[in-house]
Amino acid sequence: MYREFKHLHLPSIDAEIRQFWEDERIFEQSVEQRPADKSYVFYEGPPSANGKPGIHHVMARTVKDLFCRYNTLKGYRVERKGGWDTHGLPIELQVEKELGITKEDIGKKVTVDEYNQACRSTVMRYKDLWDDITRRMGYWVDLDNPYITFENNYIESCWWILQQLYNKKTPSGESYLYKGFTIQPYSPAAGTGLSSHELNMPGCYKEVTDFSTVAMFKVRLNESSGFLFEDNEEDLRILAWTTTPWTLPSNVALTVGPNIEYAKIQTLSPYTGAPVSVVLAKDRVSAYFNAEDENRPLDDFKVGDKRLPYKVLKTGIKGADLVGIQYEQLLPTPAASTPELEEKGFRVISGDFVTTEDGTGVVHTAPYFGADDFRASKAAGIPFIGIPNPKNPDLPFPLVDKQGKFVQEVPEFGGRYVKAEYYSKEVTSDKEFKPTDLLISLQLKEDNKAFKIEKYKHNYPHCWRTDKPVLYYPLDSWFIRASAAKERMSELNKTINWKPASTGTGRFGQWLDNLQDWNLSRSRYWGVPLPIWRTEDGEEEICIGSVEEMNQEIDKAVKAGVMELNPYSAFAAQDDDEMDTRHKYVYTGDMAIWDILKRFSRDNREEPTEAENMLWQAIRNRQVGGYKFRRQHPIGSFIADFVCISEKLVVEVDGGYHNAKEQRELDEARATYLNNLGFKVLRFTNEAVMEKMEWVLGEIARVLSSPPGPLSKGEGVTSRPASLSVDAKGTRSPSPLERGPGGEDLHRPFIDEVVLVSPSGRPMRRELDLIDVWFDSGSMPYAQWHYPFENQEVFKNNFPANFIAEGVDQTRGWFYTLHAIAVMVFDSVAFKNVVSNGLVLDKEGNKMAKSKGNAVDPFETIAEFGADATRWYMMANANPWDNLKFDTNGILEVRNKLFGTLFNTYNFFALYANLDGFKMDESKVLPYDKRTELDRWVISKLYSLVAEYHEAMNDYEVTRACRAIEEFVDLHLSNWFVRLSRRRFWKGELNEDKTAAYQTLFECLMVTGQLMASVAPFFADWLYRNLTAPIKDTAKANNTPLRHDSVHLSDLTLPDPSKVDKDLEKRMDYAQRICSLALSIRKKEKLRVRLPLQKILLPVLDEAFIAEVDGVKDLILSEINVKEIEFITDASGLLKKGAKANFKTLGAKLGKDMKDAAALIANFSNDDINTLEQSGWLKVLLNGNEYTLTPEDMIISTEDLPGWKVASDGALTVALDVTMTPELQAEGTARDLVNRIQNIRKEKDFNVTDRVTVTLEKHDAILAAVEKFHDYIKAEVLATDLVLADAVEGEKVELDDVVSVGIEVSVN
RNA sequence: AGGGCUAUAGCUCAGUUGGUUAGAGCGCUACACUGAUAAUGUAGAGGUCUCCAGUUCAAAUCUGGAUAGCCCUACCA
C-alpha cells in the first residue's frame, strides 16, 4: 500500500525525515558510498558561534548545501568538513564586556591565560543553536570533525604558510612577509592602534569643533614657478586648508588635483594687510572672496575688515602645471632638516583624491599623519620629515611621539600635546589654556602665514575606549607583499566562475587591480601569534614554520642559556582528540608506551564490538543531554571505551571475558586509576547495552546530571597525580574554566615566554603582534587538514575547491584571503566556482537588525513553514546574489503552489493505486511506444525539464532550475497530465492503459522528487520513500534503481534525448492553445462546458498542421466537449486573412522605409496576401524605392471566419460552431444530472465504489436526457437502477436557473 | 569620496544576439469545472519598463548622465 495523507504539514515531514536521516546515517552514507577518487570539493566558510544564527545564514547555507547535494546525486564524493571561526576582535570585545574589564586590565586583573580561556569558551557559546539550526534546515555538513581555528594544529599550518611567504622572494629579493609601517588610526591615550572595525563602532565618530586654518605657503621663484609671477618682487602664496594645524610642522608637500583649474588672485593678507597674491582652486574663490569686492581698490582695506578687495590675475592654471613648484617650509624644525628634504621636499605634487568641495583645492600634505598624504608623497618621491633615525635615515622619527606630544626638537611647541583632549582636566580648565592647534594658528597669523582661521565643525573618529580623539600615525606592522602578486592574482581570477560574474570582474577584479599590501598585524591577545622572533635591534630574526622547528630552536636556546627550560617539550603533532585530553592530562611516561597506546586505540576503533557500536550510535553527537562523548580515547595510560571529558565520565562496555577473575582485578585497578584522575567510571555488560539500551542511557544521563558523587570528591581529584604534572609552573591553580596549565598552547601568553637564540648568540623575542583573523580563514584549505604536517594526500585531493559560497560581503574578506594565499603560496586558485549571495532584507527592503526589531527568527520560520518551503522560497524567488526581500507570504505561496500541488498529485496517485492494487514494478515497465500520446508527452516534458535542470545547475543557476521545476509541476504535470488523465485512473479495471497512466505518473513524481532533492531535501525524500516503500524489498532483492533507502543515495536521472519528442511537445502545445481558445469562446458566449457542441473549425496553418492536430484530437474534443474538428483551407474561401510586418527580417532590408512598409502591409487585402503566398514574392514601391517582399517578411494569420464565433492566439485561430440541437441539449442535461448525482454521492459520503439506486423526479426538462442517455448516466454514477418517479423523497436540486428536480440516491 | 549591485503591474519576479500586443505567479474581480474538492481551470482589470539625453528604421534591452535604495572600501585636507 502507498501511504495516504489527509493534509500537507511540512514541519511533520521535516521531523520524520530528520529522524530517519539520523537513524540511518544517510548523510554519512551519501558521502561514503561515492568513490573516493571522484570528488567534488567544497569548502565551508566558518561561521563564528559567538553570535546566534539568523535567517540570512539559512539562505547562505541553503546555497552551500544544495550544490553539494546536487553533486552527490550526480555521483561525486562531496566531503563537507565543517568549521568554526574562533578568533578575532568581536570575540575579545564580548569577553571584555562580560568580564567587565578593558584591554588595560588584561595581564593585571585577569591573566592573559584566563582571558584567552574566556575567549575560548565564549567562542562556542551558541554552538548548540548552530548545530540545531543546521539539523533543522537540513544542512548537511560534518560537524563531528570540524576544523577549529584556535586549535594548535590549525595554528601550526598557519605558521607554515607564513613561513612560506617569509621565504618567498620577489625578483628583486624582497620577502613576501616583511615589516614596514602604515598610517593607521592610533589612540595615544590608550597607546594602541585601532582597527577599522573599532572605528566603525557606534559613537566613535563624533561631531567636534576644531580650529581650521588656511595657511599661506610662499612660492619660490625659479624655472618651474616663473610663469606664475608678475615680477620678481611679488609675494606669491599657495593657499592650503587644514583642520589639523598640529600637522603643519610636518608638512612636506602640497597636493593638487591634476585636472582641477586654479586661479591666481591679487589681494591683501587679511591679518597684516600686506600685499600678496594667492593661488587656489578657481571653484573655491567664491568661498573666500565676495564677488562684490572684485576689482575694488586694494587701498580700501584696513586690517580687521571682514571683506577683502581682490583682482583675478590668472585663471586656467591646471593642477598639473603647478606640480613641481617649490615653496618655503611653513614651520621649520631645524633638527629635522636634511639636505635631501630641502632638495626634494616642499613642493607641489599631484593626487587624485583632491576635490574642490571645501578648503582651497590644495591639500596640505604631512605623510606621517595621513594615509592619502602618505601614498601621494611616496608616489612623488617626497622624503619623510622627522628627527633623524641613525639606524634608518629614510625613516626619521615623527615630530609627534606616541603619547601624542610634539617632540622636544619642535620649536615653540615641543612637549605640548597636539590635541587638547590629551591634557588632564585640570590643565584644560585653566582660563589661560590654549589648545596647540590654536597656538600654531596664532603664530602663523603673526608671521603673515595665515589666510583664514576659524572654528570648524566636523566628524572626527574617537577611540571607543578612552573617548579621546584618534590620531593617524605611522605604526610598525607586518605586511604580506600582496601587491607583488597582483598580476598573477588578476590572471587566475579570470579563470574563476563567479556568480554573479559582475562580482568577479567588478568588485573583486577592480580590488585586485588596485591591490595594496596586506597589513597582517593586530596588537591583540586572542588570535594566531606571528611566529617571528627578533633580536632587540631587529638585525637578526627567524620565522618559525612548525612546532618541531620551534622546539629545536628552543632546545638551542636552552642550551645557550637564554631560556631555562622548554615549556613545549611534550608537544608533538597530535590528532585533535588526543590533543584535547593531553591538554589536561599530559602523558609524561615512556614515549614508546605512548605509541603503543595510540596504535592500540586506533586498532580498537577499527574493530568495535556490536554492543560498542550500538552504544556509540546512541551517545554520539551529543545525543545524551548535550554532552560530547569520544570513543576509544586515551586517558592517562589507558584507553577508555567512551569518555565524556567535560564531565569526567568514562563508560566501559564489557565482553564476557570480563567475568574472569584476573580481568576483574585489572578492571578494578583501572577504575581506581581513573578515579584518581577525577573520572567516574560506569561499566555495562554487552547484554545490557544490546537489550536494555534505554536503561543504559538513563543511567548515563543520571550520572551526568547528578551532583558530584563520592568518586569525584576528595583529595584524589584536586591534587593532580604526580605522573601527570606538566611543567615548572605546576603550582598555578587550575582556572575555573577547566583548563590545565599552559605550555601546550600556541596562543599568547605562553608563546611569548619563548625566547630563542640568534646565530650570533643574542636572545630573540617574539614580535608581539597577532595576525589578521582573515588570514586564519584564508588558510583553511590547508589548515583544516593540518597540512603539510598530516594528510598530504587528503589535501591533494581537496585542493582547490570546486565550489564555495558565502555572502557578497565576504568578497574582500574570505574570498580574497583564500585567493591571495592560494596564489602566493601555491600559484593556484583556491576555488573554481563561487556563489556570492546577497543580503536578506525585511519585506519592506530594509536591512534586518535586532535593534530595528525586524530580524526574522529562523527557528520560528522553519517551525512554521518547514525547512523546504523556506529553502525553496529563498532560492526560487530571486537569484541568490540579489538581495532578498524576505516575506513569509512568499513561503506560503511556495508551500501551496509547489509542495501543495505535488502533495495532491502524490495523494491522487496513492489513492487510486491502492484502490487498484497497483504497485510500481520496475521489471514490467511498459515501453513508451505502448503508451498514449499524453503519457509520452508528459515524459517528453519531464526529460526536457531534466535537461534544463542540469544545464542550469551546472552553471550554478539554481533559481532557473527551481522555476523550471515549478513550471513543470504546476503547468504540465498537474494542470494538464493529471487533469486530462483523471478519468483513466478511476474508470474500469487495471488494464494496460491504466497501468501506463500509473507508471507515467510514477515516473514523473519520482524524477521530479529527485530534481527537487537538492533544494527541498526533506520533502523530496518523503516523496521518494512513499513512492518506493511498497516495492523496496523487491528492488533491493533485484538490485534495481529504486533500491536506495533515500533519494539522497540514489543516482540522479540524467538528460536523455531519446525520451524527448519535440514534435510531440509541439502537437500538445497546439492542443493546449486550441482548448484554451475554445474555452474562451464558450465563456464569451456563455456556453457551459457540460453542454456538448457539434464542431470546431481550424484554419490550416501549414502542411503538417492537420496531421499534428489529428494526433491530439481526442484530447481536444473531450477537454472542450465538442464532437468533431473540421480543418479549413484557403480553398474554402471562408478565411479572412491579415498580415503583419515581420520587423526582424524587414528591418534590415528596408531601413528607413520600415515604418511605411508596416502600414502598407497592415492594409493588405486577402488578394494581396494570396498573391504573395502563391507567387512567393510581391513588389512594393515605398518612397521611390522598390522592394521585393517574400512570405517570410510578414506574419500571416487568419483574422476572421465571417459568420462564426472566433478567437485567435498568434497565428492559431479557432472557430466554434454554436448551433444547438435537441440531441446535444439532451446530452448536456444528462451530464448535468450526472454531476448533480455525483455531488449527492459525495455529500452523503458514499464510498467511491458504492453501487446506488437513483430516483429522479419526472420533469419535462430531463425526460429527453434520461431517455437517450439512460445507460450513460447509470454507468457514470455507478447506478444499478435509474428510475423516474412522480414524487421523490430526496431534496430538490437546481439544474439551471429555472429548473429544479428532486433527486434521490441510495446505496444498494 | 571610490567601486559594485538593483530599479519592469498593488506585491515578488521573468524578459534571449535591440524587432512593434512587455510576460508569469500572488492579490483583486467575474465565471466555470468537479470521483485531486480546505483542490482545480478560464477570463478580466491592472504598466509613462525610475528620469533625461544619445545611437538606430526600431530601445525595457545598447551608450552617456541623473535620481533613489542597498553593499563593500575609505582618516576628504
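Here is the naming used below: chain letters follow the sequence lines, and residue numbers restart at 1 for every chain.
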Exercise for the section: Using heavy atoms to find the nearest nucleotide of RNA chain B for W511(A) and T244(A) separately, return the residue whose nucleotide is more 5′. Expected result: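 Whichever sits nearer the 5' end wins; that is W511(A).
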
Practice task
Assign each of N1142(A) and V808(A) to its nearest nucleotide of RNA chain B by heavy atoms, then name whichever residue's nucleotide is nearer the 5' end.
Solution key: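 By nearest-heavy-atom nucleotide position, the 5'-most residue is N1142(A).
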
Handout entry: F815(A)/W498(A) under ring-ring contact (aromatic ring centres under 6.0 Å, His included): CA gap, chis, key distance, verdict
Key = CA-CA 11 Å; F815(A) 294 159; W498(A) 283 83; 5.7 Å; yes

Exercise for the section: Just say parallel, tilted or perpendicular for the rings of Y912(A) and F908(A), cut-offs at 30° and 60°. Expected result: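 Y912(A) vs F908(A) ring planes: perpendicular.
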
Practice task
Over 60° means perpendicular and under 30° means parallel, so classify the ring planes of F5(A) and Y906(A), tilted if in between.
Solution key: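 Correct class here is tilted.
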
For [N], does OP1 or OP2 lie under 4.0 Å from any side-chain N or O of [X]?
X	N	answer
Q510(A)	G4(B)	yes
R982(A)	A36(B)	yes
S1076(A)	A43(B)	yes

Whole-Å [atom1] distance, [N] and [M]:
N	M	atom1	value
C33(B)	A7(B)	P	43 Å
A22(B)	A14(B)	C1'	11 Å
C11(B)	U73(B)	C1'	34 Å

Completion exercise
B/S/- along nucleotides 7-18 of chain B (protein heavy atoms under 4.0 Å) is -----SSS--B-

Handout entry: Exceeds 12 heavy-atom contacts within 6.0 angstrom, atom NZ of K1274(A)
Key = yes

Handout entry: Short side-chain donor-acceptor distance under 3.5 Å, S250(A) and T247(A)
Key =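 The answer is no; no qualifying pair exists.
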
Handout entry: Working for side chain to side chain donor-acceptor pair (under 3.5 Å), residues T213(A) and S441(A)
Key = CA-CA 7 Å; T213(A) 300; S441(A) 301; 2.8 Å; yes

Practice task
Report yes if a donor N or O on one partner sits less than 3.5 Å from an acceptor N or O on the other, where the partners are the side chain of S974(A) and the base of A36(B); otherwise report no.
Solution key: yes

Practice task
For salt bridge (Lys or Arg N to Asp or Glu O under 4.0 Å), just list the numbers for E957(A) and K499(A), CA-CA rounded to whole Å, side-chain angles, deciding distance to a tenth of an Å, and then say yes or no.
Solution key: CA-CA 8 Å; E957(A) 294 271 359; K499(A) 285 299 192 184; 3.0 Å; yes

Problem - Base-paired stems in RNA chain B, each at least three Watson-Crick or G-U pairs under 3.5 Å - result: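 So far as stems of 3 or more pairs are concerned, RNA chain B shows B:1-7 with B:67-73, B:10-13 with B:23-26, B:28-32 with B:40-44, B:50-54 with B:62-66.
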
